[in-house]
Undergrad: 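Can you read through this structure? Questions will come right after.
Each chain gets a letter, A, B and so on, in the order the sequences are listed, and its residues count up from 1.
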2 protein chains.
Amino acid sequence: VVKIENVSKIYSLGDVQVEALKNVSFSVEEGEFLSVMGASGSGKSTLMNIIGCLDTPTSGDYFIEGRNVSGLSGDELADIRKHKIGFVFQGFNLLPRMSALENVKLPMLYNGVKPHDREGKAMEALEMVGLADRAHHQPQQLSGGQQQRVAIARALVNDASMILADEPTGNLDSRTSLDIMELFAELNRKLGRTVIQVTHEPEMASFSRRILTFRDGAILKDERESQV
Amino acid sequence: VVKIENVSKIYSLGDVQVEALKNVSFSVEEGEFLSVMGASGSGKSTLMNIIGCLDTPTSGDYFIEGRNVSGLSGDELADIRKHKIGFVFQGFNLLPRMSALENVKLPMLYNGVKPHDREGKAMEALEMVGLADRAHHQPQQLSGGQQQRVAIARALVNDASMILADEPTGNLDSRTSLDIMELFAELNRKLGRTVIQVTHEPEMASFSRRILTFRDGAILKDERESQV
Ligand SMILES: Nc1ncnc2c1ncn2[C@@H]1O[C@H](COP(=O)(O)OP(=O)(O)OP(=O)(O)O)[C@@H](O)[C@H]1O
Ligand SMILES: Nc1ncnc2c1ncn2[C@@H]1O[C@H](COP(=O)(O)OP(=O)(O)OP(=O)(O)O)[C@@H](O)[C@H]1O
Ligand SMILES: [Mg+2]
Ligand SMILES: [Mg+2]
């Protein structure tokens, strides 16, 4: 469902070139649960932004469901982001002047979900992350881990077939982190959703069945859980 | 050096009261290395903001170096924040249009450090967190973990006697997290700086000699490493 082929990403700052990704190639089947690990600055978020159609490679090709993303128009890309992908940002990216509930409802505004149904779906997503009682708080009235969970709920609310989560448990205690991992595992196992997460914690990575480890913008290893 | 006495913090949202801290009391000696743990939403950041003189309790008293903070003027509080405390925010709080180096220099502008010396001290702090080669990047040109480390460097640059760090390794891989913990341990051991950190990770808490665990706004346990 996701195919990355010889993808490189170079940032130019003045006359300095930062090679964030170097000739990366791999593919992900539908229904996989994959973790991406690697040192700070090794290119994980850059990769996630490309997979999530939020950024384009400097060179190389990216295919989503068989279609080459570089051949798609701005509208077609926006369409994929709206319907096929639920994205949890490393920095959360919540809108500050809206409540948690309104933030979670946002993706549905562009998706033709009826106003009457949005409230129910958004509350259900908040319940899944344990925040039903914080629905009317704004981000600045929430703890760091609560904001992170609102960002997770927002990524789930469109029933997207692919969940991309950039460090979804960085601000959560062990108990809450495990709850979130079990939630992802359930969405993957029962609903067949493809889950790709960036994580720094081996315990969280153990919920997935495959781990890609990055180093300095390139894949260091690709380990799959052996079939038992 | 820090004494929290019967401190409570209540947020009012409409007619709902959120008791973020409930009658909390404890004290911290100069030169201690303390970790604060607890579930997401249990009051840790609220506590840190009070200790860091960024917020005031709804009731109860807070003494810093023997002086009751509620008796101090706005100027005196700003003075304490500038000179006595280095604060690492859970959300980093970097200024977006300035480079990492300029962000790290900021606390020194208000401290009378000569312009000539600021550059050197800021670069030294960036080196301590492994980011000398990212000095001229702006926050949006840095990875999540790099932004977190710039926030840490900024907290160290004033040689403050107390370091308050709210989840300093949430976005860092294991290797880099250990580097940061060793840095804190060294500043504590060699320079006698008081370090209070909020962390979700037991491995990081093990670098400290005392762990306060919070639950629902109150102290659940206060464990000190036994003298060996
Ligand atoms: N401005 C506010 N208005 C209302 N409630 C608030 C406000 N700020 C925080 N809260 C609530 O106070 C409680 C404690 O928040 P705090 O940020 O201290 O938690 P925390 O322990 O730091 O959590 P985390 O580990 O998720 O960062 C939370 O339940 C939060 O919803
Ligand atoms: N806009 C940009 N301009 C220049 N360099 C950038 C830009 N964005 C990212 N970088 C650099 O690209 C590299 C990879 O960044 P990326 O955010 O993908 O890392 P990461 O693996 O997600 O790190 P972390 O674990 O710290 O979140 C970093 O060294 C960073 O400094
Ligand atoms: Mg990242
Ligand atoms: Mg917090």
Undergrad: When you look at CD of Glu203(B), are more than 12 heavy atoms from neighbouring residues, nucleotides or ligands closer to it than 6.0 Å?
TA: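 Counting neighbours around CD of Glu203(B), 12 or fewer heavy atoms of other residues, nucleotides or ligands fall under 6.0 Å, so no.
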Undergrad: Around atom NZ of Lys22(A), are there more than 12 heavy atoms of other residues, nucleotides or ligands at under 6.0 Å?
TA: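 More than 12 heavy atoms, drawn from other residues, nucleotides or ligands, come within 6.0 Å of this atom.
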Undergrad: Side chain, backbone, both or neither: which part of Leu13(B) has a heavy atom under 4.5 Å from chain A?
TA: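 Leu13(B) touches chain A through side-chain heavy atoms alone.
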Undergrad: With chain A as the partner, which of Arg175(B), His136(B), Glu167(B) has the greatest number of non-hydrogen pairs under 4.5 Å?
TA: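 Ranked by heavy-atom pairs under 4.5 Å with chain A, first place is Glu167(B).
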Undergrad: For chain A, which candidate among Val198(B), Thr169(B), Asn171(B), Thr199(B) shows the most heavy-atom pairs at distances under 4.5 Å?
TA: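 Heavy-atom pairs under 4.5 Å are most numerous for Asn171(B).
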Undergrad: Quick one: of Arg134(B), His200(B), Met37(B), who has the most non-hydrogen atom pairs under 4.5 Å with chain A?
TA: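 Maximum pair count with chain A is reached by His200(B).
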Undergrad: Look at Thr46(A), Leu172(A), Thr176(A) and state which one has the largest set of heavy-atom pairs under 4.5 Å with chain B.
TA: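 So the answer, after comparing Thr46(A), Leu172(A), Thr176(A), is Leu172(A).
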Undergrad: With chain A as the partner chain, list the residues of residues 139-149 of chain B whose heavy atoms fall under 4.5 Å from it, by residue number, and write 'none' if nothing qualifies.
TA: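 Listed by number, the contacting residues are Gln141(B), Ser143(B), Gly144(B), Gly145(B), Gln146(B), Arg149(B).
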Undergrad: Which atoms of Val18(B) come close to chain A, meaning under 4.5 Å heavy atom to heavy atom: side chain ones, backbone ones, both, or neither?
TA: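 Looking at Val18(B), just its side chain touches chain A.
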